[in-house]
Amino acid sequence: MRLSRYFLPVLKETPAEAQIVSHRLMLRAGMIRQQAAGIYSWLPLGWRALRRIEQIVHEEQQRAGHIPMLMPTLQPADLWRESGRYDDYGQEMLRIRDRHQRDLLYGPTNEEMITDIFRAHVESYRQLPLTLYHIQWKFRDEVRPRFGVMRGREFLMKDGYTFDVDRAAALHAYNRHMVSYLRTYERMGLTAIPMRAASGPIGGDDTHEFLVLAQTGESEVFYDDRVTALKLGARQIDYDDRAGVAAVCAEFTALYARTDETHDPAVFEAQVPEAHRKVGRGIEVGQIFYFGTKYSEPMGAVVVNDRGERVPVHMGSHGIGVSRLVGAIIEASHDDRGIVWPEGVAPFPVGIVNLRQGDGATDAACAELYAALTERGLEPLYDDRDERAGAKFATMDLIGLPWRITVGPRGLAAGKVELTSRRTGESEEMGPAAAVDRLADLFCAAGQAQGRDG
RNA sequence: CGGGGCGUGGCGCAGCCUGGUAGCGCGGCAGUUUUGGGUACUGCAGGCCGGAGGUUCGAAUCCUCUCGCCCCGACCA
């Protein structure tokens, strides 16, 4: 993409309403625009980042055998009257009435609807296990939206629903989600720690939240700092292997890690050596629940088991805050000049800075680089504006693309361009072709290490 | 929902107390200049001061109502 033809309304000054760094940077980098309290437009750059995240979520869910679909944002109230939540949910639910005076609501979550779909089409345990998920906009009429997309009223969430014949199978589905989530967050460059959580209004017996450590997190967290060293890395996971998946979960949940909701100081002190005890703050970026027959019983979602008995199906629901992740990643990865995108989620993998726009040789070198990178599947953002070098560098730093290729007459005279890492700030001079090769290797290697293959 | 604050060109703000028909910086446009980290200068365009009502000869400034937004707290992906 040529920047001169793109829509990237960057701001030099920080809008007054933005209090936390991710919100400020998203506004300054022209990623979002607020339309009402907790409601945002996603401008082109923000939309690209959001889509990168969404794509990783899709890939990892499908790798785990979960099936994508799409349910509507608007739901009939009657479904929620069946489960009893139409009254329980309270003011957070946005209620709407259509022209025929029918009660609708903008879905805050989809347990009722997915249960309705399930009961209409599934009769036998032989059709299980089943995990359906979608990535859809939700609306929760928060009393006090804040922190930009981290705590919006309208937000994009991946929510998945598991259906199993019994508790043991359902717990495997739960574990499978935990592992797939760990992979998902790792690919985004995040360290998200699963923490045992309190169940809240969705209700459930087993539940973990995934917390990204950040100063600005809304939850206070207590943990053994050795959990942050745990990585899935490139290891292969067989999602059908119950014992294997359970072992991974055990590994990642063995060390003490809890939010203030479930924190027990006595256990904390007994289990964690003092040198490893950490208290910090975290951003919740996902949650998994096993809730048994809470919805299947009142809504009549039953299957016939292998003994011919009609039994309510065991369910779980599992969410990832997709739009929130954009903010969480920025909270976890930025510096005083701007965003520092991890390779996996960068809206563009690399930026090209032309230091002498209008200079024939420099323009030509940039055009060649652009074509070569595009050829390798690495779409660059080419800053071809008629701006000074300083302005171009400042823009690149602000929007945080992980790599920058700087092209100017001085280097070109020696046949060199400059490849710079946004994260480390280190630059290396090399020929244009070598720079393209280097980037292709970097992104290929990153993809493999994070399990992007397959 | 309780407490606090703010709405003035695209953004950040001043003016309001002590009413007299709007100002600064950034940004935008045109040009000159500059050219490896937000260059300097000149000129131009752009707001009727969130909205409604009231007081007054006169309201961005005072009063009333209303809408919106932000912050702290209690609650949530």
Side-chain angles (χ1 to χ4, degrees), chain A residues 9-20 23-24 27-28 30 33-39 57 89-93 107-110 135-160 181 192 197-202 207-212 217-219 259 261 282-289 317-328 337-338 353-359 362 383 385-398 404 406-413 416-418 420 425 427 429:
Chain A
V10 299
L11 268 29
K12 213 165 185 176
E13 286 165 294
T14 302
E17 76 269 17
Q19 295 299 310
I20 64 169
H23 190 194
R24 283 200 286 263
L27 289 167
R28 287 199 52 214
R33 177 176 172 81
Q34 181 171 331
Q35 306 290 175
I39 299 177
V57 172
Y89 222 95
Q91 298 241 293
E92 287 214 343
M93 180 184 281
T109 175
N110 285 66
I135 297 178
Q136 177 63 291
W137 292 94
K138 306 290 188 291
F139 195 93
R140 294 184 191 174
D141 200 356
E142 298 274 346
V143 191
R144 191 186 155 212
R146 62 187 124 167
F147 303 148
V149 300
M150 300 258 284
R151 181 78 180 275
R153 290 193 294 173
E154 187 185 46
F155 58 97
L156 188 61
M157 182 166 100
K158 171 264 163 183
D159 43 325
Y181 280 24
S199 67
I202 293 176
T207 175
H208 281 83
E209 293 176 335
F210 291 78
L211 278 294
V212 172
E218 292 195 84
S219 317
T259 66
E261 290 178 323
I283 301 163
E284 189 189 336
V285 292
Q287 186 157 13
I288 53 178
F289 290 99
S317 75
H318 310 86
I320 292 179
V322 175
S323 49
R324 171 178 287 185
L325 272 168
V326 180
R337 289 175 307 177
V353 169
N354 183 338
L355 293 175
R356 186 73 65 83
Q357 203 69 45
D359 176 80
T362 312
D383 191 344
R385 295 172 303 165
D386 187 19
E387 287 284 349
R388 308 193 81 228
K392 292 189 176 189
F393 289 144
T395 299
M396 280 295 171
D397 288 344
L398 174 61
R404 184 183 84 208
T406 310
V407 184
R410 193 180 299 173
L412 233 38
K416 306 276 192 193
V417 298
E418 190 181 70
T420 306
S427 293
E429 295 211 325

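Values reported hereafter were calculated over all heavy atoms of this structure, with side chains retained and with hydrogens, waters and symmetry mates removed. First the proteins, then the strands, lettered A, B, ... as listed; each starts at 1. On a predicted model such as this, the values are computed, not experimentally measured, just so you know.
Looking at heavy-atom distances under 4.0 Å, A:Ala36 makes contact with sugar-phosphate atoms alone, never a base. Among the protein residues, A:Gly152 comes within range of the nucleic acid bases, having at least one heavy atom under 4.0 Å from a base atom. Counting non-hydrogen atoms under 4.0 angstrom, A:Asp159 reaches nothing in the nucleic acid. A:Gly319 comes within 4.0 angstrom of nothing in the nucleic acid, heavy atoms only. Looking at heavy-atom distances under 4.0 Å, A:Ser323 makes no contact with the nucleic acid at all. Residue contacts shown for A:Ala394 include a base, since a base heavy atom lies under 4.0 Å away. At a threshold of 4.0 angstrom between heavy atoms, the contacts of A:Arg153 with the nucleic acid are absent.
Between A:Asp383 atom CG and B:G38 atom P there is a gap of 15 Å when expressed in whole angstrom units. In this entry the distance linking CG of A:Leu11 with P of B:G12 reads 8 Å, nearest Å. Atom-to-atom, CG of A:Leu27 to C1' of B:C70 comes out at 13 Å; the value is rounded to the nearest Å. Atom CD of A:Glu17 is separated from atom C1' of B:C71 by 12 Å (rounded to the nearest Å). Per the geometry, CZ belonging to A:Arg28 stands 13 Å off P belonging to B:G12, to the nearest Å. We find that CD of A:Gln91 is positioned 15 Å from P of B:C76, with the value rounded to whole Å. Rounded to whole Å, atom C1' of B:C67 lies 17 Å from atom CD of A:Gln35. If you measure from atom CD of A:Gln34 to atom C1' of B:C70, you get 9 Å, rounded to the nearest angstrom.
Judged by distance alone, the side chain of A:Glu142 and the main-chain N or O of A:Arg144 form no donor-acceptor pair under 3.5 Å. Side-chain atoms of A:Arg24 come within 3.5 Å of backbone atoms of A:Gln19 as a donor-acceptor pair (strictly under, hydrogens ignored). Counting only distance, with no hydrogens or angles, the side chain of A:Arg356 and the backbone of A:Pro409 share no donor-acceptor pair below 3.5 Å. Looking only at distances, a side-chain donor or acceptor of A:Arg153 sits under 3.5 Å from a matching main-chain atom of A:Ala37. Remark: side-chain polar atoms of A:Ser323 are paired, donor with acceptor, to backbone N or O of A:Leu156 under 3.5 angstrom. Here the side chain of A:Tyr181 pairs no donor or acceptor atom with the backbone of A:Ile288 at under 3.5 angstrom. Listed for the A:Arg337 side chain is no donor-acceptor partner under 3.5 Å among the backbone atoms of A:Asp397.
Pairing for B:C65 goes to B:G51, judged as Watson-Crick or G-U wobble with the two contacts each under 3.5 Å. Pairing for B:G73 goes to B:C1, judged as Watson-Crick or G-U wobble with the two contacts each under 3.5 Å. Across all strands shown, B:G23 forms a Watson-Crick or G-U wobble pair with B:C13, both key distances being under 3.5 Å. Pair assignment for B:U35 gives none, since no Watson-Crick or G-U wobble pairing has each distance under 3.5 Å. Within the shown strands, B:G43 is the pairing partner of B:C29 under the Watson-Crick or G-U definition, both distances less than 3.5 Å.
Listed by chain and residue number, A:Asn110, A:His134, A:Gln136, A:Phe155, A:Met157, A:Asp159 satisfy the side-chain contact (heavy atoms from CB on, under 4.5 Å) test with A:Lys138 (two or more places apart in sequence, or in another chain).
For the pair A:Glu261 and A:Glu209, the tightest heavy-atom approach, listed with the atom from each and the gap, is OE1-OE2, 3.9 Å.
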Using the 3.5 Å cut-off, write out each protein N or O paired with an N or O of nucleotides 72-75 of chain B and the distance between them.
residue	atom	partner	partner atom	Å
B:C72	OP2	A:Arg144	NH1	3.3
B:C72	OP2	A:Arg144	NH2	2.1
B:A74	N6	A:Arg146	NH2	3.2
B:C75	O2	A:Arg151	NH2	3.0
B:C75	N3	A:Arg151	NH2	2.8
B:C75	N4	A:Arg146	NH2	3.1

- request: Would you mind building the protein contact string for nucleotides 26-35 of chain B? One character per nucleotide, 5' to 3', B for base within reach (heavy atoms under 4.0 Å), S for sugar-phosphate only, - for untouched.
  value: BS------BS
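Both A:Arg337 and A:Met157 lie near RNA chain B, and the one whose nearest nucleotide falls closer to the 5' end is A:Arg337. Each of A:Glu154 and A:His23 lies near RNA chain B, and the nucleotide nearest A:His23 is the one positioned closer to the 5' end.
For the pair A:Gln34 and A:Leu27, the minimum side-chain heavy-atom distance is 4.5 Å or more.
When the P atom is compared between B:G4 and B:G46, the two are found 42 Å apart, to the nearest whole Å. As rounded to the nearest Å, B:C44 and B:G25 have P atoms that lie 14 Å from one another. Separating the C1' atom of B:C48 from that of B:C16 is a span of 16 Å, rounded to the nearest Å. Between the P atoms of B:G54 and B:U61, the separation comes to 14 Å (whole Å). With both ends at atom P, the span from B:C17 to B:U64 equals 15 Å, rounded to whole Å. When the P atom is used for both B:G27 and B:C41, the distance is 11 Å, rounded to whole Å. To the nearest whole angstrom, the two P atoms, one in B:C65 and one in B:C29, are 45 Å apart. Comparing B:A60 with B:G23, their P atoms are spaced 13 Å from each other, to the whole Å.
The neighbour count for A:Gln91 CD, taken as heavy atoms of other residues, nucleotides or ligands under 6.0 Å away, does not exceed 12.
Checked options A:Val407, A:Asp383, A:Thr406; the residue passing with A:Leu355 is A:Thr406 (criterion: side chain to side chain contact (heavy atoms under 4.5 Å, CB included)).
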